[in-house]
Every structure is written in structure tokens, then in C-alpha cells.
Amino acid sequence: MQPQDILPDDQNDVQVNGLTVRKGSVGAFLASVRDWQDPAGNATTRAAAEADLRSLLPGLHALGLFQVLAARDPALQRLIDGAA
């Protein structure tokens, strides 16, 4: 299976269980996790990253991402579980 088999190049989102999940959501999630976990980051950056994570989680749950992957960081896993 290739990415274009799931979401063609000319399509930017998919509807899953009534939610719109945009192309790039998994990448945005990973980038936000890095900002959220960065010990050198400031509180404002971490708070913005957490807000971004919370907004992405419903769509990622709808895709089934966390049915096959688990976070190594217990705090991140709690955040993921809390949005289920």
C-alpha cells in the first residue's frame, strides 16, 4: 500500500467516522510531540504543542493509529488515552 492509495495527491483530507482528517496530521502530531517533550522549550511553546496534540488526537484515533502504536513516554500515552 502506498500513501497515494489512501489519499490521492489531489485530495487533502479524508472523512473517518464523521471527522475530517487532513493530510499531514501524523507528521504534525510527531512535530508537536517533539515540541511538547523538549526540555529546553518554554512553557508557551509546550502549551501550544499540547493544544495542537489535543486537536489532532480525535482524528488519529479515528484512523486507528493508536490501535497499532503506543507511546513510550507515559505522559504522552496518558494524553493519548485521555482523548479516546
Side-chain angles (χ1 to χ4, degrees):
M1 179 83 45
Q2 296 294 309
Q4 62 273 17
D5 298 328
I6 303 296
L7 198 60
D9 289 339
D10 63 341
Q11 188 176 340
N12 291 318
D13 57 52
V14 64
Q15 295 291 315
V16 182
N17 298 331
L19 294 171
T20 300
V21 183
R22 288 189 43 85
K23 186 182 285 187
S25 293
V26 172
F29 177 81
L30 295 172
S32 294
V33 167
R34 284 191 293 273
D35 287 344
W36 187 65
Q37 292 178 328
D38 184 0
N42 63 50
T44 302
T45 299
R46 283 194 300 275
E50 183 171 332
D52 290 341
L53 290 170
R54 289 183 185 280
S55 71
L56 290 164
L57 284 170
L60 298 178
H61 276 288
L63 288 175
L65 181 67
F66 305 115
Q67 292 174 351
V68 296
L69 299 176
R72 292 182 185 176
D73 178 347
L76 177 58
Q77 189 62 53
R78 284 192 298 276
L79 184 70
I80 291 167
D81 292 342

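Taking OG from Ser25 and CG from Leu65, the interatomic distance works out to 10.5 Å, rounded to the nearest 0.5 Å. From Ile6, atom CD1 reaches atom NZ of Lys23 across 12.0 Å, with rounding to the nearest 0.5 Å.
A side-chain donor from one of Thr45 and Asn42 sits under 3.5 Å from a side-chain acceptor of the other. With hydrogens and angles left out, the side-chain atoms of Asp73 and Gln77 include no donor and acceptor closer than 3.5 Å.
Proximity of Leu60 to Leu63: side-chain heavy atoms (C-beta onward) are separated by under 4.5 Å at one or more points. Considering only heavy atoms from C-beta on, Val21 stays 4.5 Å or farther from Asp13 through its side chain. Using a 4.5 Å heavy-atom cutoff, the side chains of Pro58 and His61 are not in contact. Side-chain atoms of Trp36 and Leu76, non-hydrogen and from C-beta on, do get closer than 4.5 Å to each other.
Between Ile80 and Ala71, the closest heavy-atom pair is CD1-CB, 4.0 Å. Listed here is the closest heavy atom pair of Ala49 and Ser32: CB-O, 3.4 Å.
A search for side-chain contact (heavy atoms from CB on, under 4.5 Å) contacts involving Ala62 returns Val16, Asn17, Leu19, not counting sequence neighbours.
Of the charged side-chain nitrogens involved, none lies within less than 4.0 Å of a carboxylate oxygen, so that Glu50 and Arg46 do not count as a salt-bridged pair.
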Just do the side-chain contact (heavy atoms from CB on, under 4.5 Å) check on Leu57 and Leu79 with the steps written out, would you?
CA-CA 9 Å; Leu57 284 170; Leu79 184 70; 4.1 Å; yes
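No more than 12 heavy-atom neighbours from other residues, nucleotides or ligands sit within 6.0 angstrom of CD on Gln67.
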